[in-house]
Amino acid sequence: MCNGHTCASRQDQVDQVDQVDQFNRCITSQLIKWFSNFREFYYIQMEKFARQAINEGVTSAEELAVGRDAELFRALNMHYNKANDFEVPDRFLEVAQVTLREFFNAIVAGKDADPSWKKAIYKVICKLDSEVPEIFKSPNCLQELLHD
DNA sequence: CATGACCCTG
DNA sequence: CAGGGTCATG
């Protein structure tokens, strides 16, 4: 039955599954790392633009708006969507604006004196996170994404 | 012991 | 981004 050419041994099959498993684990951890880096860049920009607004004399967070033409948006888009491969959801703009205002108010209030002042903001913003798209939860996520 | 969040560097 | 360290979880 198993002539060594057309049929893999049970052990070989087990090894293959292990390899696929490890492969997927590497890919996912890599993605997690990427998202982590994205998130960090996002907040760095938020702080940067919030301080910039303050230095420019903005007195109220209400004056801060993040539209698709905003410098802040351009900076972010440059990193996440340089080739404009997809349309940025309006939801993203909304959350970005909330985040910017959150930073603005915190800094104006002098909360940045506290070494961990950003955590309060993170706590607020993470609640605004959108649900993870179903495809990403699928075991065949990689295959499905590759088809597009 | 493994994994992931978070932080800081290069 | 990638690496590496720390800390909390399970």
Side-chain angles (χ1 to χ4, degrees), chain A residues 8-58 60-148:
Chain A
S9 71
R10 198 192 81 81
Q11 186 55 49
D12 285 348
Q13 291 180 37
V14 171
D15 288 345
Q16 272 189 37
V17 171
D18 281 351
Q19 287 178 40
V20 170
D21 267 13
Q22 216 217 353
F23 177 75
N24 283 334
R25 277 191 292 111
C26 286
I27 298 298
T28 51
S29 61
Q30 182 73 302
L31 287 175
I32 288 174
K33 181 59 181 177
W34 281 5
F35 294 148
S36 175
N37 280 324
F38 287 163
R39 185 182 56 75
E40 287 171 4
F41 180 78
Y42 175 87
Y43 282 116
I44 287 174
Q45 296 307 304
M46 289 299 162
E47 179 177 4
K48 174 182 168 185
F49 280 84
R51 291 187 185 288
Q52 185 176 303
I54 293 174
N55 289 328
E56 290 175 348
V58 177
S60 167
E62 316 311 306
E63 299 175 40
L64 272 35
V66 179
R68 293 172 189 281
D69 57 333
E71 285 181 64
L72 174 55
F73 174 75
R74 301 220 259 180
L76 293 173
N77 195 60
M78 187 90 79
H79 253 64
Y80 311 139
N81 190 33
K82 190 174 299 184
N84 284 309
D85 290 318
F86 66 92
E87 259 193 46
V88 180
D90 287 333
R91 176 63 175 163
F92 180 80
L93 279 297
E94 294 170 11
V95 176
Q97 180 167 305
V98 171
T99 310
L100 179 60
R101 292 180 172 180
E102 204 72 30
F103 265 88
F104 179 90
N105 288 326
I107 297 173
V108 169
K111 294 181 180 176
D112 57 337
D114 180 343
S116 58
W117 64 288
K118 296 179 184 176
K119 292 190 176 182
I121 298 178
Y122 296 160
K123 193 175 177 182
V124 171
I125 305 306
C126 72
K127 290 177 182 173
L128 304 179
D129 279 349
S130 300
E131 280 300 307
V132 175
E134 277 311 310
I135 29 170
F136 289 124
K137 297 177 182 175
S138 165
N140 302 314
C141 171
L142 293 175
Q143 287 67 41
E144 294 180 34
L145 285 178
L146 257 46
H147 288 166
D148 300 342

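Predicted model only: the values in this text are computed from it and were never measured. Note on naming: letters A, B, ... go to the chains in the order of the sequence lines (proteins, then strands), and numbering restarts at 1 for each one.
A:R101 places a side-chain heavy atom less than 4.5 Å from the side chain of A:Q97.
With a 6.0 Å radius and a threshold of 12 heavy atoms from other residues, nucleotides or ligands, A:E71 has its CD atom at or below the threshold.
Between A:F103 and A:Y43, the ring-plane angle classifies as tilted under the 30° and 60° cut-offs.
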Within the 4.0 Å limit for protein heavy atoms, which parts of nucleotides 5-10 of chain B are touched? Write it as a string from 5' to 3', B for base, S for sugar-phosphate only, - for none.
SSBB--

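Residue contacts for A:F41: at a heavy-atom cut-off of 4.0 Å it reaches no nucleic acid atom on any strand shown.
A salt bridge links A:R91 to A:E94: at least one charged side-chain nitrogen sits closer than 4.0 Å to a carboxylate oxygen.
Minimum heavy-atom separation, A:W117 to A:E47: CZ2-OE2, 3.6 Å.
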